[in-house]
Visitor: 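The following block contains the structure, expressed as structure tokens.
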Amino acid sequence: MTESGARPSNFIRKIIDADLASGKHSEVHTRFPPEPNGYLHIGHAKSIVLNFGIAEDYQGTCNLRFDDTNPLKESLEYVSAIKDDVRWLGYEWSGEPRYSSSYFDALHGFAIELIEKGLAYVDFSSQDDIRAMRGTLTAPGQNSPYRDTPVQDNLDAFARMTAGEYKEGECSLRAKIDMASPFMCMRDPVIYRIRHVHHHQTGDKWCVYPMYDFTHCISDALEGITHSLCTLEFQDNRRLYDWVLDNISIDCHPQQIEFSRLNLEYTVMSKRKLNELVTEQHVAGWDDPRMPTIAGLRRRGYTPAAIREFAHRIGVTKMDNMVEMGVLESCIRDDLNTNAPRAMAVLEPVRVVIENYPENQHEMLVAPNHPNDESLGSRQVPFSGVLYIEREDFREEANKKFKRLVLGKEVRLRNAYVIKAERVEKDEAGEIQTIYCSYDADTLGQDPADGRKVKGVIHWVSVPHALPAEIRLYDRLFQVPNPGAAETLAESLNPESLVVVEGYVEPSLADAEPGKGIQFERVGYFCRDSKDGTENTLVFNRTVGLRDSWAKMEAQDA
Ligand code: ATP
Ligand code: MG
């Protein structure tokens, strides 16, 4: 796919342009700061394309930083999956990946600096008391009885906290700001808490861990970030971001800029909810092809280019909204329509016997891999007198609108001959077992000589050559546009989000490359699964249909 060349500007790029023009910055330095507590999802892709894309376009740099201050929920599995996903999307971070945890010494030092300046204190109030004294949006909070502890006592208490002399929850370090601030985040926020747990990077070195708001701004500053892009829910927290940097001895003061997060219809986006889908086994794992994770989309057959294009199409604003799933789907459909080679597969087969085709004979026909792009070449497709076609492509009777095979009428077999249905054989239940046909040997690659018009074209595979395949028809995981709003995720699941059929594919697909898109002609876009199946068994995942069938249904409902 040709991605839209010049990136559309947005309010963040305008701020950067102005900063470069005024000389505030001579280069741009961004970062992508995931917390390694889950797999990345399509919302993260928006942030990745924004941060890495800006660095690319302004010849700046972008760091990958693991924001790992909560060891309870984090793991190395996530760290490594996140690196894979960012690279797969087509980006490379500057230098080594960073870890907030590698700044723990520096952060601890800055905490002591705040204590020394009388701007932080150790609070022995219980968490419940701290919460109760925070006040509300309309009422100011109350000062803690520990707020005016002398500096030296605070230094001692923090040292003992750090040495592991207190239990979890027994005390915490709070910034001393303003208990009457209209911004709740400024009412003496906790900046350090006790956690007697092992950390995946720092092991057992620490039992006090810095909070996100304290860590993030300092990490940004230590890395020389110029523009710190985050989602809108951190708008208020910008006050705290700036307060911390204004009150410690550090030269760099990045600018935090907020943009609206991606919300996508028919799915959920928070890692907590995605985790729930995995642990409650509603899906087969973080990379289940129905998950909105990068790993799931990749296994489903999405390409990095389609995901980047999606990020460009939705743009970057400060307005919260819900993006239609159709927008994402049309990005991959456009990509695959241009780039995916074609092949034939029959999902719900019925047998066709061509009675005038020489018995036990077959021939190799040549089929173009793409109707409009010769550079994709061609392949050989075996043809014989016994074929499978789709059951729904045949009717004993039909009106003119049905441009497929009808008893007594002709249809073209894709890349092959014109056939005519002569009679059918049914089983006791009345289901058609075999359609007996005749073929016109003079119609390979040309219309019938006598000028008969044959309108319909159907796909097929040759029974003696076809390969059985498990075909997984994936659809949207949820059947309601906003499943996150429901009480439980389970109640909104689409019971038909995965339908498995046993079909047949043409033999050229024996060594289809996992993950690489193929159009099954007239059926949809698929890719070979990257996990299941073996050398000898084929499993294909449906990436997306040829057309937006949900849009059609929604129009009918309306
Ligand atoms: P979640 O709510 O899914 O757990 P998070 O914000 O806690 O997300 P982080 O790992 O902290 O996840 O996010 C890393 C970066 O990705 C942050 O800068 C965050 O703003 C951004 N991000 C996360 N979700 C979205 C989204 N839906 N749209 C855009 N950016 C997002
Ligand atoms: Mg977060």
Side-chain angles (χ1 to χ4, degrees), residues 10 12 30-55 62-75 77-83 85-86 89 91 93 97-101 210-213 215-217 219-220 223 225 227-238 241 254-279 286 291-297 307-308 310-323 325 327-328 482-484 489:
N10 56 46
I12 297 178
T30 56
R31 87 288 171 264
F32 172 64
E35 181 178 356
N37 62 348
Y39 279 61
L40 297 182
H41 52 61
I42 183 77
H44 293 113
K46 173 176 179 171
S47 174
I48 291 171
V49 173
L50 177 65
N51 281 293
F52 283 93
I54 281 176
C62 181
N63 290 357
L64 171 64
R65 183 197 314 141
F66 292 101
D67 190 5
D68 55 347
T69 55
N70 187 2
L72 278 179
K73 292 189 174 161
E74 298 161 3
S75 82
E77 176 200 348
Y78 297 135
V79 168
S80 111
I82 288 169
K83 288 194 240 174
D85 287 347
V86 173
L89 277 174
Y91 298 106
W93 46 89
R98 320 294 164 107
Y99 294 84
S100 297
S101 57
M211 302 298 285
Y212 173 86
D213 281 319
T215 310
H216 200 80
C217 52
S219 304
D220 280 348
E223 291 176 14
I225 301 302
H227 300 86
S228 175
L229 315 180
C230 65
T231 42
L232 281 179
E233 54 298 2
F234 292 99
Q235 206 152 10
D236 286 356
N237 301 54
R238 183 175 0 108
Y241 186 105
Q255 180 182 2
Q256 174 179 311
I257 306 171
E258 309 87 20
F259 63 95
S260 65
R261 63 195 292 117
L262 168 67
N263 301 303
L264 191 60
E265 282 187 345
Y266 294 97
T267 191
V268 289
M269 207 69 91
S270 97
K271 278 182 281 189
R272 187 177 56 75
K273 294 198 171 112
L274 295 175
N275 201 352
E276 192 178 319
L277 289 171
V278 173
T279 49
W286 285 97
M291 291 282 272
T293 51
I294 307 295
L297 290 164
I307 294 175
R308 293 193 302 260
F310 172 68
H312 295 141
R313 285 189 197 175
I314 57 175
V316 176
T317 69
K318 271 188 177 289
M319 237 135 27
D320 256 323
N321 66 347
M322 185 71 109
V323 175
M325 189 59 121
V327 179
L328 177 62
N482 188 6
L489 289 178

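Residue numbers run from 1 in the order of the sequence given. Computed from heavy atoms alone, side chains included, the values below leave out hydrogens, waters and symmetry copies. Each ligand, and each atom within it, is numbered from 1 in the order the structure gives.
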Visitor: Can you find an N/O atom of Arg31 closer than 3.5 Å to an N/O atom of ligand 1?
Guide: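 In fact, backbone or side chain, Arg31 has no N or O that close.
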Visitor: Counting only heavy atoms, tell me which of Gly38, Gly43, Ala45 gets closest to atom 31 (C) of ligand 1.
Guide: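 Nearest option to atom 31 (C) of ligand 1, by heavy atoms: Gly43.
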Visitor: Which atoms of ligand 1 sit under 4.0 Å from any heavy atom of Thr231?
Guide: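 Checking each atom against Thr231, I get 20 (O), 29 (C), 30 (N), 31 (C).
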Visitor: Under 4.0 Å from any heavy atom of Met269, which atoms of ligand 1 are there?
Guide: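 Atoms satisfying the 4.0 Å criterion: 3 (O), 27 (N).
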Visitor: Is any side-chain N of the basic residue among Asp320 and Arg261 closer than 4.0 Å to the acidic one's carboxylate O?
Guide: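 No, this pair does not count.
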Visitor: Should the proximity of His41 to ligand 1, defined as any heavy atom under 4.0 Å, be assigned to the side chain, the backbone, both, or neither?
Guide: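 His41 to ligand 1: side-chain contact only, backbone stays beyond 4.0 Å.
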Visitor: What class does the angle between the rings of Tyr39 and Tyr78 fall in, given that below 30° is parallel, 30 to 60° is tilted and above 60° is perpendicular?
Guide: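 If you compare the ring of Tyr39 with that of Tyr78, the planes turn out perpendicular.
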Visitor: Is Arg272 in polar range of ligand 1, meaning some N or O pair under 3.5 Å apart?
Guide: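 There is no such contact.
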Visitor: Just distances here: any N/O of Leu262 and N/O of ligand 1 closer than 3.5 Å?
Guide: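 Yes; the residue has a nitrogen or oxygen that sits under 3.5 Å from a nitrogen or oxygen of the ligand.
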Visitor: Looking only at distances, please establish whether an N/O atom of ligand 1 is found under 3.5 Å from an N/O atom of Glu35.
Guide: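 Yes, at least one N or O pair falls under 3.5 Å.
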Visitor: Numbering the atoms of ligand 1 from 1, which are under 4.0 Å from a heavy atom of Pro34?
Guide: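 The list of qualifying atoms is 10 (O), 14 (C).
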Visitor: Between Phe32 and ligand 1, find which residue part has any heavy-atom pair under 4.0 Å and reply side chain, backbone, both or neither.
Guide: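 Within the 4.0 Å criterion, Phe32 contacts ligand 1 through side-chain atoms alone.
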Visitor: State whether the shortest distance between N or O atoms of Ser260 and N or O atoms of ligand 1 falls below 3.5 angstrom.
Guide: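 Between Ser260 and ligand 1 (N or O atoms, distance only) the closest approach is not under 3.5 Å.
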Visitor: Look at Glu223 together with Arg31 and state whether they make a salt bridge at an N to O cut-off of under 4.0 Å.
Guide: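 Salt bridge absent between Glu223 and Arg31.
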Visitor: Output the list of atoms in ligand 1 that are nearer than 4.0 Å to some heavy atom of Pro33, sorted by atom number.
Guide: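 Listed by number with element: 14 (C), 18 (O).
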Visitor: How long is the span from the OG1 atom in Thr317 to the CE atom in Met319, to the nearest 0.5 Å?
Guide: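 It comes to 4.5 Å.
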Visitor: Might you confirm whether atom NZ of Lys318 has over 12 heavy atoms from other residues, nucleotides or ligands at distances under 6.0 Å?
Guide: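 More than 12 heavy atoms, drawn from other residues, nucleotides or ligands, come within 6.0 Å of this atom.
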Visitor: At what distance, to the nearest 0.5 angstrom, does CG of Leu50 lie from OG1 of Thr30?
Guide: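 Answer rounded to 0.5 Å: 8.0 Å.
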Visitor: Are Tyr212 and Phe234 close enough that their ring centres sit under 6.0 Å apart?
Guide: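 Yes, ring centres under 6.0 Å apart.
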Visitor: Using 30° and 60° as the class limits, which term best fits the ring planes of Phe52 and Phe32: parallel, tilted or perpendicular?
Guide: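 Tilted.
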